[in-house]
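Reviewing the structure listed below.
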Protein chains: 2
Amino acid sequence: MARAALSREAVVDLAVRIVDEDGPAALTLSAVAARAGVATPSLYKHVRNLADLRELLSARVLGEMADHVGAAVLGRSGDEALRALMDAWRSYVTRHPGRYATVIQAPVAATVEPGKRLVDIGLAALRAYGLTGSEAIHAVRCLRAAAHGFSVLETAGGFGLPEKLDDTYELMFHMIVSGLRAPR
Amino acid sequence: MARAALSREAVVDLAVRIVDEDGPAALTLSAVAARAGVATPSLYKHVRNLADLRELLSARVLGEMADHVGAAVLGRSGDEALRALMDAWRSYVTRHPGRYATVIQAPVAATVEPGKRLVDIGLAALRAYGLTGSEAIHAVRCLRAAAHGFSVLETAGGFGLPEKLDDTYELMFHMIVSGLRAPR
DNA sequence: GCTAGAAAGCTAATGCTATTAGCCGCAGGC
DNA sequence: GCCTGCGGCTAATAGCATTAGCTTTCTAGC
């Protein structure tokens, strides 16, 4: 191999920093090249094109989220596990809004693997609720929808009303738990 | 006035058609100009720049959504009103995924007015639940988070699992109603 | 130690995009 | 009938992604 100054992984690292610092709109190959101290076309030796980089970045971020959320749920069960899952999701998005925004507008292709992991983590968190098969899948989807919807609300500024988002979060969590407990 | 072939409104009309047909990424001033049968710089007579057009488009779409959702809720109350609100939100997004995707990645500035209207509609839909002041705001936020989260799930393909999204939707609605009824 | 080849960089060039500057013609008010 | 401004135009600039083809440099095999 020639000078291994750059690599596929290193390029994604730089992309992460860019979306962290300047938001997803700032993710251009020029910006990455500038940070790498390299001419723009050189990046094509590591990445197919900009769309490819975006996919790799999404996969990376979703993988990180799965790690973070998975670690939080580990060793807990019942309401506590559910709480840990939602809290972890929220805290990841709060800490890395730029990364999360990238994933949202991502193509689905590269994110299926970490996506499945997140589904499994959700299923594990819900184990104590005694949901079977499809019912569990629907519940996990609701968790995902709630977590995502709330995250967008929080990072977008939530209509700018003075009410505390923490309280909204509590209500949402209450809705989820009530819905899981109450018979249909 | 000279030939009023084009106008601010007409430009936004064309933008709507573009995101409908080719998605939000296809919204460029070139594309709009091509549809208008006009040179690209001519658009600057009607619109400040691309960002401005995106803002106008977001405002338009969110206004449409408020109309659609508002009409659905009108004359209903209780669970029925809530149901109508969520159904209308979902159906709008399903019918116009491109428009909705545009709003998501919008700046907040131009969307505050229709956003407030949507909040008011939500408050009206929840009137029968006897929520006071801040509690009602939190509930509306939860509705918005749920509707948005589910919409993204639905338009993005929802992990590709075989379970019917209609059933997920029912569970989510059940969660909301349970949470609103059950005491905290 | 030498050399062949590939990996990883480079420059040049193309084409698309937004955006600005400045020009021209027509319509309506005086 | 003239003047003004609106709404179009062309030309030009600059940033971006992407491709082609060249060069350098390291490494592996001998």
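The chains referred to below are lettered A, B, ... by the order of the sequence lines, with proteins before strands, and numbering in each begins at 1.
- With C:dA12, C:dT19, D:dT10 as the candidates, the nucleotide lying closest to the side chain of A:Pro41 is C:dA12.
- In this structure, B:Asn49 places its CG atom 19 Å from P of D:dA14, rounding to the nearest Å.
- For C:dG9, one of the phosphate oxygens OP1 or OP2 lies less than 4.0 angstrom from a side-chain nitrogen or oxygen of A:His46.
- If you look at A:Tyr100 and A:His148, their ring centroids are closer than 6.0 Å.
- The distance from atom CZ of A:Arg48 to atom C1' of D:dT18 is 14 Å, rounded to the nearest whole Å.
- Between A:Arg54 atom CZ and D:dC16 atom P there is a gap of 13 Å when expressed in whole angstrom units.
- One can place CG of B:Leu53 at 10 Å from P of C:dT19, the figure rounded to the nearest angstrom.
- Annotation: the span from A:Leu171 atom CG to B:Ile137 atom CD1 amounts to 12.0 Å, rounded to 0.5 Å.
- Here B:Asp67 contributes atom CG and B:Arg117 contributes atom CZ; the two are 4.5 Å apart, rounded to the nearest 0.5 Å.
- Contacts with DNA chain C (heavy atom under 4.0 Å) in residues 12-34 of chain B: B:Thr28, B:Leu29, B:Ser30, listed by number.
- The CG atom of A:Leu43 sits 13 Å away from the P atom of D:dT19 (whole-angstrom rounding).
- A straight line from NZ of B:Lys45 to P of C:dT20 spans 13 Å, rounded to a whole angstrom.
- If you check D:dG8, D:dA20, D:dA17 against the side chain of A:Leu50, the one that comes closest is D:dA17.
- A cation-pi contact, defined as under 6.0 Å to the ring centre and within 45° of the axis, is absent between A:Arg90 and A:Phe150.
- Between the side chains of A:Asp79 and A:Tyr129, at least one donor N or O lies within less than 3.5 Å of an accepting N or O.
- Counting heavy atoms from C-beta outward, B:Cys142 and B:Ile176 have side chains that stay 4.5 Å or more apart.
- Remark: A:Ser42 is not in phosphate contact with C:dA8, judged by side-chain N or O atoms under 4.0 Å from OP1 or OP2.
- Listed nucleotides: C:dA8, D:dT19, D:dG7. Nearest to the side chain of A:Tyr44: D:dT19.
- In this structure, B:Leu6 places its CG atom 19 Å from P of C:dC26, rounding to the nearest Å.
- Listed by first then second residue, pairs satisfying side chain to side chain donor-acceptor pair (under 3.5 Å) with a partner in residues 36-47 of chain B number zero, not counting sequence neighbours.
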